[in-house]
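Below: one structure, written as structure tokens.
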Amino acid sequence: MPGHVVFVGSANVDFVMRTPFIPRKGESVNAGPFLQSFGGKGSNQALAARRAGADVTGIFTLGDDVFSKAIMDLYREEGVDARYVRMNPGERSGTGIILVDPNGDNLICTSLEANGRMTPEQVEAAEPAFRTASVLMLQMEVPDEANRTAIALAKRHSVTVILNYAPACESSLPVDRDVDILVVNESEAENLTSMPVSGPEAAAVAALMLGAKGPGTVIITLGGQGSVVCHDGVTRHYPPIPVEVADTTAAGDSYCGALAATLAEGMALPAAIAYATAAGSLCVGVEGALPSLPRREAIEAFLTQRFS
Ligand code: RIB
């Protein structure tokens, strides 16, 4: 039985180039093929959850340019409930510039555009969606006030709050008991703890520190080293599922979407983490954000193939 997840976050148009290396300050580089795709952490995660089998409501703020209309078409095609998506007249949708090197590592720069003008009123108007949802998923690419409003609605309707504190940024949004599950990568964990976080041992220390701020569960994703999870004060290392890396863009979004979808349908945390890990691994094998988000059948076939 699918669970219902509400996503509040960004929706972007991504411009992706493959480069022989990530340029340094002042350097120009001739890139390889160019790919235009759709992205934004909120939208990626919503589509990842939808493909992983959830009923999904998206609360996003777009502009009214040609890309915005294409993004709305995409939600229709993929079956994302977009009734609370707003298209702001005369504005542009968010934009991501993404460079990907031959190892699949990337550099991402985003201009928030319409995402930066999501209002608490827009989120408040989506209260009916919170009545049937079991999970709310947030990231850090919309104004703090919009995220705060979403958290208040989630608390009002006993909805589990998952905060993906990405990208690392200065913010007034507290990581406290209102956040049920916190998901960060190593650099985001460093930003929140002010300690170096590299590898499972340091991640376990950081996860305990972050858990002490209030979230019952803290997940630190470690790329090729899996993830560390701190649940009710107990830490555990989940190993990676090794794969050939083409492009790491949206691996975290794929992970978060699958995590939200499986938790919303009532899966226990360790099994949900296995699904999320598989979704993240499958994502890095394919170029781009949207094209790389795997569907439920692919996630299950991959888990069966690797673990039977
Ligand atoms: O996580 C990847 C995403 O980050 C990209 O799609 C880009 O748009 C930025 O939001």
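Whatever order the structure lists ligands and atoms in, that order sets their numbers, starting from 1. Every value quoted in this text rests on a predicted model; they were computed, and no experiment measured them. Residues: numbered from 1 along the sequence shown.
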Quick one: which ligand 1 atoms are inside 4.0 Å of a heavy atom on [X]?
X: Gly39; value: 6 (O), 8 (O)
X: Asp253; value: 1 (O), 2 (C), 3 (C)
X: Glu141; value: 9 (C), 10 (O)

Q: Indicate, with yes or no, if the rings of Tyr75 and Phe60 have centres closer together than 6.0 Å.
A: yes

- request: Please state whether the rings of His157 and Phe130 are parallel, tilted or perpendicular, taking 30° and 60° as the class boundaries.
  value: tilted

Discussion item. Any nitrogen or oxygen of Ala250 lying under 3.5 Å from a nitrogen or oxygen in ligand 1? Just yes or no.
Written reply: no

Exercise. Verify the distance criterion only: is there a donor paired with an acceptor across the side chains of Arg236 and Tyr238 at less than 3.5 Å?
Key: yes

| request: Examine the side chains of Thr19 and Asp101 and answer whether a donor and an acceptor come within less than 3.5 Å of each other. | output: no

For [atom], grab the closest protein heavy atom and report residue, atom and distance to one decimal in Å.
atom: atom 8 (O) of ligand 1; value: Asp14 OD1, 2.6 Å
atom: atom 3 (C) of ligand 1; value: Asn44 ND2, 3.7 Å
atom: atom 4 (O) of ligand 1; value: Lys41 NZ, 3.2 Å

*Taking atom CZ of Arg83 as the centre, does the number of heavy atoms from other residues, nucleotides or ligands within less than 6.0 Å exceed 12?*
no

- Determine, for Glu124 against Arg148, whether the closest basic-nitrogen to carboxylate-oxygen distance falls under 4.0 angstrom. no

- Query: Could a heavy atom of Gly40 be found less than 4.0 Å from some atom of ligand 1?
  - Reply: yes

